[in-house]
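Worksheet for the structure shown next.
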Amino acid sequence: MRSLAAFGSGLMFSLGLVLAGMTQPANIVGFLDFFGNWKPALIFVMAGAVGVYALLYRIVLKRRSPLFAPSFDVPARDQVDAPLLVGSAAFGVGWGLGGFCPGPALVALGMGALQAVLFLAALLFGIVLYHFSSRNGPSGGEDNNACG
C-alpha cells in the first residue's frame, strides 16, 4: 500500500509540474529574467504550493504518524549555516542556468526531453562531489544529514 501511495503522490506531483509548465526550461528562465521578457505565471504556482503547505503542514503533523509509515521524516535541524547557504545558492544558480530543478527534470526526462539528461548528469555529479567532500572534509566525516 505504501508503494501505491508513493506512486500516486509522484504521479499527481508530476502532472502538476507538467500542467504548471515547470518541465519547460523556457518558462523557468523567463520567470527569473526580471529585466528582460519576464514571465510572472510561476508566481501563481508558487503561491498555490506555499498556500497548500501552510494550510496542511501543521494539521498533518498533529497526527501520530503518516498513513503508510511508522513515523514522520522531517529535518531535526532548524539553523541556517554556511553549507545550507552555499547549497541553496548553488541550487538557485543551477535552476536559473538550466531551467530545471530535480523534480521537473525527472518528469521531463520521462517525457523524452534530452535537455534533462545533461541536468541530471550534473545533478548526480554534484551529489557524488558532496558525498566525497563531506567524507574527506574538515569535519572528519561528520554526518550532515538533517534527517538523521
Side-chain angles (χ1 to χ4, degrees), residues 2-3 5-61 66 68-69 71-148:
R2 185 177 180 178
S3 296
F7 177 77
S9 298
L11 183 62
M12 185 170 31
F13 182 65
S14 299
L15 289 174
L17 292 173
V18 171
L19 290 174
M22 293 190 72
T23 57
Q24 303 296 320
N27 290 339
I28 304 302
V29 173
F31 173 71
L32 297 173
D33 187 8
F34 299 113
F35 304 108
N37 188 18
W38 187 52
K39 297 179 179 179
L42 288 182
I43 286 177
F44 300 107
V45 175
M46 291 180 184
V50 169
V52 169
Y53 171 82
L55 182 66
L56 297 179
Y57 180 74
R58 298 205 185 278
I59 294 172
V60 168
L61 287 184
F68 305 112
S71 63
F72 287 103
D73 189 17
V74 293
R77 294 177 23 185
D78 61 357
Q79 62 206 44
V80 175
D81 56 8
L84 177 63
L85 293 174
V86 170
S88 300
F91 178 89
V93 169
W95 195 40
L97 290 174
F100 282 121
C101 61
L106 288 172
V107 175
L109 183 66
M111 296 169 47
L114 295 179
Q115 301 162 299
V117 173
L118 181 60
F119 175 84
L120 290 170
L123 176 68
L124 290 174
F125 176 74
I127 290 171
V128 169
L129 186 64
Y130 168 78
H131 283 288
F132 179 75
S133 67
S134 66
R135 285 187 189 150
N136 299 315
S139 65
E142 177 184 335
D143 183 11
N144 292 325
N145 185 350
C147 297

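Keep in mind the model is a prediction, meaning the values are calculated, not measured.
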Side chain to side chain contact (heavy atoms under 4.5 Å, CB included) evaluation trace for Ile28 with Leu32: CA-CA 6 Å; Ile28 304 302; Leu32 297 173; 4.2 Å; yes
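- Trp38 and Phe31 make their closest contact through NE1-O, 2.7 Å (heavy atoms, listed as atom of the first residue, atom of the second, distance).
- Listed by chain and number, the residues in a side chain to side chain contact (heavy atoms under 4.5 Å, CB included) with Val80 are Leu84, Leu85 (sequence neighbours excluded).
- In this view, Ala20 and Met22, Val45 satisfy the side chain to side chain contact (heavy atoms under 4.5 Å, CB included) rule, not counting sequence neighbours.
- Listed by chain and number, the residues in a side chain to side chain contact (heavy atoms under 4.5 Å, CB included) with Phe125 are Leu129 (sequence neighbours excluded).
- Rounded to the nearest 0.5 angstrom, Lys39 NZ and Gln24 CD are separated by 9.5 Å.
- Between Val52 and Tyr57, the closest side-chain pair of non-hydrogen atoms is not below 4.5 Å.
- Considering only heavy atoms from C-beta on, Arg58 stays 4.5 Å or farther from Tyr53 through its side chain.
- Residues satisfying the salt bridge (Lys or Arg N to Asp or Glu O under 4.0 Å) criterion with Asp81, sequence neighbours excluded, are Arg77.
- For Phe68, the side chain to side chain contact (heavy atoms under 4.5 Å, CB included) partners two or more places apart in sequence, or in a different chain, are Met1, Arg2, Ala5.
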Counting only pairs under 3.5 Å, give me each side-chain donor-acceptor contact of residues 97-110, with atom names and distances, residues two or more places apart or in other chains.
none

